[in-house]
Number of protein chains: 2
Amino acid sequence: MLTMDRMPATPVNPRGPVLAYLQVAGDLAARITSGEFAPGDRLPAERDLAVEYGCAYDTVRRATAVLRDRGLIVTVHGRGTFVS
Amino acid sequence: MLTMDRMPATPVNPRGPVLAYLQVAGDLAARITSGEFAPGDRLPAERDLAVEYGCAYDTVRRATAVLRDRGLIVTVHGRGTFVS
DNA sequence: GGCGATTTGTACGTATGTATT
DNA sequence: CAATACATACGTACAAATCGC
């Protein structure tokens, strides 16, 4: 049976051909389009995402910047990052 | 006599009300519009700018990102940053 | 309004990778 | 191949905004 379980973040492969922040951006985008994160939902805190993905805060910031530019998410200082 | 001497970069005041990277962006913009850096000119290397301004490399990166967004400069990987 | 907890924002420092000369 | 210069990545610290109590 297909249970819509939380798909754990795929740890970043720092040696892979794809830049780390693009790996994170791609994975987050997939989790959003898959419905794991629905519109209005708040994503985990950026620093928590960094732990999940096994990467630096800076890398998550770059990733979320990409998704913000795409209009996929909205970030509010002091509150969090939300799915558009 | 007014000599068009090189105006040294104003060191960043990290305690000031203006964000450090905006201070750098503003100063660079002023040096460009004043003609110190003319179109086609290459700016000093980002790390040299960091030394000039007494700030971190990251701060210069943020500043140049602002000027790039404004179309004031163009950055080429491995070559440098040029006035548009 | 104050206080603390949470979360994003900025800043610094450093190391390594990649492109150009 | 070496030097130069931008790009990415990691780690850390502190500031600023928000919210609940």
Side-chain angles (χ1 to χ4, degrees), chain A residues 9-29 31-32 37 39-84, chain B residues 9-29 31-32 37 39-84:
Chain A
T10 306
V12 164
N13 174 13
R15 302 262 182 277
V18 179
L19 296 176
Y21 77 92
L22 292 181
Q23 292 180 45
V24 174
D27 192 71
L28 282 177
R31 295 168 77 183
I32 289 173
F37 297 124
D41 283 357
R42 208 200 70 194
L43 266 54
E46 293 177 327
R47 283 169 179 81
D48 290 340
L49 286 175
V51 174
E52 277 191 51
Y53 284 107
C55 68
Y57 175 54
D58 174 75
T59 303
V60 172
R61 292 279 298 166
R62 286 172 188 268
T64 54
V66 169
L67 302 187
R68 262 192 303 278
D69 287 350
R70 287 192 203 159
L72 222 67
I73 59 175
V74 174
T75 298
V76 183
H77 186 185
R79 288 193 55 210
T81 300
F82 305 85
V83 179
S84 302
Chain B
T10 307
V12 164
N13 174 13
R15 300 263 182 277
V18 180
L19 295 177
Y21 78 93
L22 292 181
Q23 291 179 46
V24 174
D27 192 71
L28 282 176
R31 295 166 78 182
I32 289 173
F37 296 125
D41 284 356
R42 207 198 69 196
L43 266 51
E46 292 177 328
R47 280 175 176 77
D48 290 341
L49 286 175
V51 174
E52 278 191 52
Y53 284 107
C55 67
Y57 174 56
D58 173 75
T59 303
V60 172
R61 292 282 297 164
R62 287 170 187 268
T64 54
V66 169
L67 302 186
R68 263 191 303 279
D69 287 350
R70 287 192 204 157
L72 221 67
I73 59 174
V74 175
T75 298
V76 183
H77 187 184
R79 288 193 55 212
T81 300
F82 304 86
V83 180
S84 299

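Chain letters run A, B, ... following the sequence lines, proteins first and then strands; every chain starts at 1.
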Integer-rounded Å distance: dC10(D) P and Y53(A) OH:
14 Å
Say you draw a straight line from CD of E46(B) to OG1 of T59(B); how long is it, rounded to the nearest 0.5 Å?
11.5 Å
Interatomic distance, R42(A) atom CZ to I73(A) atom CD1 [nearest 0.5 angstrom]:
13.0 Å
Rounded to the nearest 0.5 Å, what separates atom CG in L28(B) from atom OG1 in T64(B)?
8.0 Å
Between R47(B) and dC6(D), is there a side-chain N or O to OP1/OP2 distance below 4.0 Å?
no
Heavy atoms only: give me the nearest R68(A)-T75(A) pair and the separation to one decimal.
NH1-OG1, 2.7 Å
Is the positively charged end of R31(B) above the ring of F37(B), judged by distance under 6.0 angstrom from the centroid and angle within 45° of the axis?
no
Taking any heavy-atom pair under 4.0 Å as a contact, classify Y57(B): base, sugar-phosphate, or nothing.
base
Between T81(B) and dA5(D), is there a contact of a side-chain N or O with OP1 or OP2 at under 4.0 Å?
no
Considering all heavy atoms of both residues, which atom of P44(A) and which atom of E52(A) are nearest to each other, and what is their separation?
CG-OE2, 3.7 Å
Under-4.0 Å side-chain N/O to phosphate OP1/OP2 contact, Y21(B) with dT10(C):
yes
Length of the CG-P vector between L22(B) and dA11(C), whole Å
7 Å
In whole angstroms, how far is the P atom of dA16(D) from the CD atom of E46(A)?
18 Å
Per L19(B) side chain, nearest of listed nucleotides dT8(D), dA11(C), dC10(D)
dA11(C)
For nucleotides 18-21 of chain C, print each protein N/O atom paired with a nucleotide N/O atom at under 3.5 Å, atom names and distance only.
from: dT18(C); atom 1: O2; to: H77(B); atom 2: NE2; distance (Å): 3.1
from: dT21(C); atom 1: OP1; to: R79(B); atom 2: NE; distance (Å): 3.1

Once you round it to whole Å, what is the distance between C1' of dT6(C) and CZ of F82(A)?
12 Å
